[in-house]
Structures are given as C-alpha cells and as structure tokens.
Amino acid sequence: MAEVAKATGLSTKTLYRMCRNGQLQSHKFGARTVIFDGDLQRYLDGHRGGGAA
C-alpha cells in the first residue's frame, strides 16, 4: 500500500478508503492489503482526465 501511495501521490488513508468503497480493487494476504499492478492500472485508465473520443 505504501508503494502505491508513493507512486500515485495519494495517501494510504485515501487508498484504503477507495478499496473499502469498491473504487479500487485490493486483495488481503493475512494482515497485508495488496493492490496488484493491473488493478491499479485499470483504475488509473478509467480516471484519466480529458480522454480521447
């Protein structure tokens, strides 16, 4: 989660909230919450501003 926060500029609190709200797919492995690269990329692709028509 910390790596995703650093890469996106979002706080870990925001990322956890997005996962909880279903905006961003995450996976639990014991106590760890993991966001796979593909899940992050899908989220980012769907939220780019000014996309082409």
Side-chain angles (χ1 to χ4, degrees):
M1 196 59 81
E3 291 177 35
V4 175
K6 184 176 180 181
T8 61
L10 298 170
S11 70
T12 55
K13 183 177 180 177
T14 296
L15 290 169
Y16 280 113
R17 185 178 340 108
M18 290 169 64
C19 293
R20 199 171 43 251
N21 293 337
Q23 296 172 284
L24 180 60
Q25 181 70 41
S26 63
H27 308 272
K28 291 291 285 184
F29 294 95
R32 294 186 65 192
T33 301
V34 176
I35 298 172
F36 293 143
D37 291 340
D39 294 326
L40 178 59
Q41 191 61 53
R42 272 187 291 283
Y43 173 80
L44 294 174
D45 288 345
H47 289 84
R48 290 179 196 248

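We're numbering straight along the sequence, starting at 1.
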In a table with atom names and distances, give each donor-acceptor pair under 3.5 Å that connects a side chain of residues 1-10 to protein atoms at least two apart or in another chain.
residue, atom, partner, partner atom, Å
T8, OG1, V4, O, 2.8
T8, OG1, L10, N, 3.2

Show me the donor-acceptor pairs, under 3.5 Å and distance only, between side chains in residues 34-41 and residues at least two apart or in other chains.
residue, atom, partner, partner atom, Å
D39, OD1, R42, NH2, 2.6
D39, OD2, H27, NE2, 2.8
Q41, NE2, D45, OD1, 2.8

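Residues Y43 and Q23 share a closest heavy-atom pair of CD1-O, 3.3 Å.
Within the model, atoms OG of S11 and CZ of R17 stand 6.5 Å from one another, a figure rounded to the nearest 0.5 Å.
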